[in-house]
Protein chains: 2
Amino acid sequence: MTREIQGNTEKISEFTVRRLSNYFRILRELEVKGVTTVSSARLAELGGITSAQVRKDLSYFGNFGTRGLGYKVTELKDAVIRILGLNHRWGMALFGAGSLGHALFFHNGFREDGFYFTHVYDIDDEKIGTMWRDVEIRHVREAEDRLRAAPVEIGVLTTPKESAQEVVDLMARVGVKGVLNFAPKRLELPDNMWLRNVNLAVALESLSFYLSL
Amino acid sequence: MTREIQGNTEKISEFTVRRLSNYFRILRELEVKGVTTVSSARLAELGGITSAQVRKDLSYFGNFGTRGLGYKVTELKDAVIRILGLNHRWGMALFGAGSLGHALFFHNGFREDGFYFTHVYDIDDEKIGTMWRDVEIRHVREAEDRLRAAPVEIGVLTTPKESAQEVVDLMARVGVKGVLNFAPKRLELPDNMWLRNVNLAVALESLSFYLSL
DNA sequence: TAGATTGTTAATCGATTAACAATC
DNA sequence: TAGATTGTTAATCGATTAACAATC
């Protein structure tokens, strides 16, 4: 994560990026409520962090506030949208049409943020041919050709862990740049791809640890 | 997180706990493969971290290795199981029988780790009365009485964000101690409860950030 | 002008890593 | 004994927080 960021040479930590994503949700809610101005102290309160943290996070990307006044909600929200790259549409391919894949595909929040599934692949003949909204579930053997013809930026991986790596290799071949992985498996990716792992077992097991104290 | 841990006064960071959960999966796989002994260097390689990190994480909980030899796979796996509290059965209540709740309920990995859903609640009359395995979906208004009669340690929250806080309050009243929250909402909990948030929008939006670089 | 709040620097805190004596 | 690898201490790195001059 040493690449240049929007004309800025500083390295942005993943912690900062995740908080940015939270600021986005908070600001969107404030905007809906008709709040026009917000201070770093208020944002911090809503986000459960410190105001210094808020100001520091934002300072990596520019001067969005006004001393003595705070931040204009809509203005800051729009800035955060641009920073996160949510000002355009992202195409996604889903690999694994199981119940988790189904839940993700039909989750409306993603579309509202601009993340659209345009491909769904599985290997189960029972599922192949089924329509999910306007997307037909295809056999994964068709994936490579179809993704070359209609590329996407993001691949979402909900297959069993045994096939996760080969699916990632396929994604690499067709130019997918980001992978959201739900398989409990460490994946090897080329340097020009980004990976985000979501491991629900880790979440539950860490709860279990604290409950056992 | 300042409470005593298994007779040890050191504070265990959440980073360590999450890695422990990964060691567990790695060790289980090694055991299946018939590997009997493993070094911190090999564990580190499989986990994508450093060997010093592995040794440090384990050292918080005891001396599990043998100098010159490494760790006995089964022995260490069993130790990690005890540390994580995976050596007993955890009862879970699901709030929100939507597609994400469905995916979690039917995810076999959880049962294999000892996490069992014994309650499912929703407010949709279409769903109430439906059986998921041997669990009947009930109206959330029955939850309080039923959870007092048959308590659980963990609550899993997949309701819309608007009702998340009131469900947590209910959980607190019936003695739930851990919450796995999928609603994109900051929740207030009493000090004697533990919270783990899983926010899929954060995962996607942070990918979007790096893809936009 | 007085009060409020940003943007930023310096201090602190905590997590990771390197190094190595202990020891199998 | 020689080689390997742990457990632990000290050094380093990076993230968070405190503090405050700048300024609306």
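For clarity, every value in this text was computed on a predicted model and none was experimentally measured. Quick note on labels: first sequence line is chain A, next is B, and so on, each numbered from 1.
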TODO: Map every base of DNA chain D to its dot-bracket character, where paired means a Watson-Crick or G-U wobble contact with both distances under 3.5 Å and | marks a partner outside the strand.
DONE: ..||||||||||||||||||||||

- [ ] Classify the ring geometry between B/His102 and B/Phe106 as parallel (under 30°), tilted (30 to 60°) or perpendicular (over 60°).
- [x] tilted

TODO: Please check if the side chain of B/Glu153 supplies one atom and the backbone of B/Gly91 the other of a donor-acceptor pair under 3.5 Å.
DONE: yes

Task: Check ion pair B/Arg42-B/Glu45 (N to O, under 4.0 angstrom) - done: yes

Task: Carboxylate-amine/guanidinium proximity below 4.0 Å for B/Asp78 and B/Lys72 - done: no

Task: cation_pi(A/Arg18, A/Phe15) dist<6.0 Å, angle<=45 - done: no

- [ ] Check step by step if side chain to side chain contact (heavy atoms under 4.5 Å, CB included) holds for B/Arg196 and A/Tyr210.
- [x] CA-CA 10 Å; B/Arg196 197 89 338 170; A/Tyr210 291 106; 3.8 Å; yes

Open item on the list: For chain B and DNA chain D, what are the first and last nucleotides along the strand, 5' to 3', with at least one atom under 4.0 angstrom from a heavy atom of the protein chain?
Closed with: D/dA4 to D/dT9

Task: Over all atoms of both residues, closest heavy-atom pair of A/Val135 and A/Thr118 - done: CG1-O, 3.9 Å

Open item on the list: Categorize B/Ser40 for me: base, sugar-phosphate, or nothing, with a 4.0 angstrom heavy-atom threshold over every strand shown.
Closed with: sugar-phosphate

- [ ] Starting from the 5' end of DNA chain D, give me the residue, B/Arg67 or A/Gln53, whose nearest nucleotide shows up first.
- [x] B/Arg67

TODO: List for me each residue that meets side chain to side chain contact (heavy atoms under 4.5 Å, CB included) alongside B/Asn63, sequence neighbours excluded, and say none if there are none.
DONE: none

TODO: Under 4.0 Å between any heavy atoms, over every strand shown, what does A/Arg42 touch: base, sugar-phosphate, or nothing? Just pick one.
DONE: nothing

